[in-house]
Every structure is written in C-alpha cells, then in structure tokens.
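What follows is one structure encoded as structure tokens, with my remarks underneath.
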Amino acid sequence: MFDDFFLRANIAALGVALAAAPLGCFVVWRRMAYFGDATAHAGILGIALALATDMPPMPAVLIAALAMASAATALAGRARAMDTALGVLAHSALAAGLVAVALLGHVRLDLMSYLFGDILAVTRGDLLIVWIGAGLVLALLGWRWNALLTATLSPDLARAGGSAPGRDAFGLTLALAIVVAVALKVVGVLLITALLILPAAAARPLVRTPEAMALLATVFAIGAALGGLQLAFAFDTPAGPSIVCTAAGLFVTATGLGTALRRITRAGAAD
Amino acid sequence: MKAGLKYVQRPEAAESVVTIRALSVRLGSARVLRDVSLNVAAGEIVTIIGRNGSGKSTLLRSLIGAVTPDAGTIGTMPGLRVGYVPQSLALDPTLPMTVTRFLNLPRRAGRDSVAQALTRTGTDRLAKRQLADLSGGQRQRVLLARALLNRPQLLLLDEPTQGLDAEGTAAFYRAIEAARRDLGCAVLMVSHDLGVVMSASDRIVLLDGTVVVQGSAAEVASSDAYRALIGDVAPEVTALRSPGDTPRHAPALRLAE
C-alpha cells in the first residue's frame, strides 16, 4: 500500500483537510485570518531554521510557527492596532524567511515547493506525521469544543463557567501551529490560510449551528482536497493551488445556494 | 466632598451570599479599586453606580475570577451558584448559533431547564432563532435566561441594559425582578440607567474607586457625594421614583461622561 505517489498525496490531503476544516471555523469565528497568515508565513522561517541546524523540516516549522503564534498572541493582549501589527509580523516573517533560506540554502533548493506545496513528493514518513498532527488537532478541538465556543462568545462567560479562556486560546494557537507544520508540504505556506478559511466560509450560509458548520466545512475541505488533486492530475496544474481553487469554487456555489435558499424560505414565510 | 457614611450595614442583611473585604485591584499601573468592602444579602438587589472608570465592571469581574485582586478577600456562601450576564457578546455573524444551542453552552442544560429559563424571561418564542438575528433587548433577555439555568443564588449583571431603549430596559428589569421573586436569588448589577435602577434596587452603591456611599435610593440620592459625582441628573432621578411611576416611561438616564 501507499506505494503510489498519487495515493499518498490523496491520503495526506485528506488528513490536512480533516484538521484544517474545524480549526478553520474557529479562525473565522474569532477573526484570526491574519493571525493564521502570520503563523503560516513563519513556516518559511522554520525551513531556514531546518537548513541552518540540519533539523528535519517539520519540527523546525512547528517551532517557528509556534513562536510566531505566541508572539502574535502576546501582542493581541496589548496592542490595539492588531491588524497592522499582524500584517507587519506576517509579511516580515515571509520576507525574512525567504532571505534566510537564500542565504543558507543550497543552489538547487526549490523555494516554490515551500511556498505552494509539493504534495506529490509526500513520503510515507510525511503521511504518518500528517495524520498524527491531524489527530492531535481533532482531539484537542473535540475535548475543548464547548469551552472554546463559550470563550469565543465571551471570555468572561467562559470564566464564570469555570474554564480558563486564556489556556484555551493557547490551545488554538498550538493547533494552528500544528496545522501549519503538516499542511506546509500539501499546500505551502502561502495557501494554508485559504485552506483554513474557505471551507468554513463556504459552510456558513447553509447551517444553523456551530457543529453543523464544522461538519459541513469538513465535507467541503475533503471535497476540495480530493477534487483539487484530481484536477491537478488531469490538467497538469500545481496541486496546492488546484485544491484552493476547488475550495473557492465550493465557496461561490455554497454562497449562491445559501442566498437562493433564504429567498425561498422568505417567500414561503410570506405566503 | 466625601460623604460621612462610608459603609452602611443594612439591618436586615442576615445571611450574606457574598462578602467583599478591603478589596484592591490594580490593572497595569492604574489602581482601579482600593479598599472596597461590600456585602450582598440573600435575595437582595444591589446596584453599583458610578462614573466611567470608577471600577464598576472591574468589581464585578473580580467576583467571577476574571480579575485577580492584589489585596483583600472575597468570601462567598459555601457552594454558591452564580449566574453571570456579561456586558455583551462578541458575536461574529459567521458564527451560527441558535438560542437553544447557546443555552446549552458550555454544558447541556436539558430541555426542561431551557424551556423554563426562556419562559421566565419571556423569550420562549425565540428558542429556534439565531442569536445574531435578535434585537439588543431580546439578546440581553436570552443572556439572562442562560444565567438563570442553574437556579443561581447570586445573579451578576454587568451593565445589562447598555444600548437598550427605555422600553427594552424596563422589560429587562421586570425580568430580573421576576427572577428574584421566583428563585429568591440575590442580584448584584452594574448600571448606567439611574432612573429605573433606583426604583428597582434594594440598595444602591456609589462607587468611585472605592465605595463612596451606599444605602437606599433616597439616602444615596440625597448625599453630597452623589451630587458631586453624578450631579445634574439627581433631581430627575428623584422625580422618577414617585409612586405609580412605571419604569416603562422612564427615560434611560445616562451618567455624564
């Protein structure tokens, strides 16, 4: 099994989709899109770290993403101009990472594979790490689901209910860093945020509860991952961008469907 | 300008649900609360008023453990059940949330408890609605319903009527009084709506970093400290308290900024 590179690519994309979709819902609900960008872009710094220290890339990316996410969280507590601060962090991390990789890297290093992913080169070892990471993220979200939802609505309400919203927010930060580390090879640092946000945003107009949104987002993410890979294979297009394009197509379709459904419901209510 | 009476022990304050002693809180470098002592008796409605920045919300948030005091003690009745109504929700339109689902957060409350809490606050028709589609007044009453789920002995409300019109404010206070009547819970709330507050409270606490004056609405309204801190609105507030004046027509008075 797993000998075929295309099969390995599908299984890796499936693992990333499973973790990214429900986490992406929280990214959307808590308006953390820019936060996700900053964390993902730090992935390139992680690659530089791996080159400098001869570490394997995934743990190095995890460390860099976690450091960036922690820095951004600390900043969120203080600064008011969060948007600007995160923009500064996100783009500086990307630029610094690219410069560092150029300074440290070998001549043959393929930057494109880090920026947009290289899913067709996924190894069996990568698969194991992707699925362990995805399992960890899903376990964390499942365990803290209700507390996280409450803290999203009101941190004080969560505190009054006996949970620690600060600790749960750090849990989300950790989950984000893990997804960045495992998604780097699948879609690359530039498109990780898209993989988080698009399925959740596509699910939104069709659901009435947070659980339904997470489930439908997961369905969309799986569809985008597997469908995008098929398209990439059929038309010889880059895999990561093809997955994101499929997710964007699902978003447009779902939004149109949601608008149509609301019109029908309203017309029905008027009768 | 400080009033003579700094702390009035109410004679009927038999059993306290919460006793705050010499509480001091620092937020960053600013000292927000100093030497605050306050107790709330079972079944009593106590309202904290004060200017912006007088520490009202900080006092309430220290009671739910959101703020760590640097001095003083907060004692509660053993096993005290607390219901908390926050100032508002950070409800992003991307978060789908029905009223019923919200009432089951973070723990499942059970169908009967939810139905009962909604009936108590006059929101039973809203059970299936999206939280984001509700009016401000409806949303605050849903928050109240959620706070009543565990049959609290102490209800904490942080400016629950902020942004509501007079109608919505009056409806909200009626719901609080009904909850007190049914559950016998004590109520400690922070408010800006002086007019209604004064008629709906057993005791008013005027806060300005510390407890400046407390007592019945009449006692507080006639104090020098009240005139100094709240000032011009005082005569109107007194007028609103005349018998037979229903809260429905009370304008929502606001403290001067």
Side-chain angles (χ1 to χ4, degrees), chain A residues 24-33 76-78 143-169 196-217 251 254-255 258 262 265-266 269, chain B residues 27-28 57-58 60-68 76 80-109 127-133 139-140 142-144 146-147 149-150 152 154-160 188 190:
Chain A
C25 289
F26 279 106
V27 171
V28 168
W29 296 334
R30 297 170 77 109
R31 304 190 184 187
M32 291 166 67
R78 277 171 222 148
W143 174 42
R144 301 303 300 166
W145 184 261
N146 281 324
L148 279 167
L149 271 180
T150 312
T152 299
L153 284 165
S154 161
D156 280 348
L157 214 52
R159 270 186 210 104
S163 66
R167 210 180 46 203
D168 282 327
L196 287 165
I197 288 171
L198 278 171
R204 175 60 189 104
L206 304 175
V207 295
R208 296 181 45 81
T209 62
E211 290 74 25
M213 181 159 157
L215 280 179
L216 191 59
F251 170 76
T255 305
R262 262 197 310 283
T265 321
R266 222 172 278 154
Chain B
L27 294 179
S57 286
T58 306
L60 215 59
R61 295 182 74 233
S62 64
L63 287 175
I64 59 160
V67 173
T68 316
T76 56
L80 180 73
R81 294 190 302 274
V82 177
Y84 175 68
V85 176
Q87 217 173 81
S88 61
L89 290 180
L91 187 66
D92 194 275
T94 58
L95 176 55
M97 183 67 75
T98 61
V99 168
T100 303
R101 179 71 188 94
F102 176 62
L103 261 59
N104 283 293
L105 270 180
R107 276 170 286 278
R108 289 203 75 80
K128 293 195 166 117
R129 295 273 297 277
Q130 286 286 314
L131 223 46
D133 295 343
R139 199 178 302 168
Q140 288 309 106
V142 167
L143 278 170
L144 178 63
R146 186 187 176 282
L149 277 176
N150 64 346
L154 172 65
L155 199 54
L156 298 172
L157 305 103
D158 192 356
E159 299 199 28
L188 179 62
V190 165

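Lettering follows sequence order; numbering is per chain, from 1.
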Electrostatic pair B/D92-A/R31, nearest N-O below 4.0 angstrom: yes
Winner by heavy-atom pair count (cut-off under 4.5 Å) against chain A, out of B/T98, B/L95, B/L131, B/I64: B/L95
Spatial distance of atom CG (B/L105) from atom CH2 (A/W145) [nearest 0.5 Å]: 10.5 Å
A/L157 side chain reached by B/F102 side chain, heavy atoms, under 4.5 Å: yes
Value rounded to 0.5 Å, distance of CG in B/L143 from OG in A/S154: 8.0 Å
Side-chain (B/R107) to main-chain (A/G161) donor-acceptor, under 3.5 angstrom: yes
Residue pair A/P210 / B/P96: nearest heavy atoms and the distance that separates them: CD-O, 2.9 Å
From B/M97 atom CE to A/T209 atom OG1, the distance as rounded to the nearest 0.5 Å: 8.5 Å
Among the listed options B/G28, B/P93, B/A147, the residue most often paired with chain A at heavy-atom distances under 4.5 Å: B/P93
Any donor-acceptor N/O pair, B/R101 side chain to A/R208 backbone, under 3.5 Å: no
Most chain A-contacting option - heavy-atom pairs closer than 4.5 Å, from B/V82, B/D158, B/L89: B/L89
A/R204 versus chain B, the contacting section by heavy-atom distance below 4.5 Å: side chain
Student check: side-chain heavy atoms of A/T150 and B/P106 closer than 4.5 Å: yes
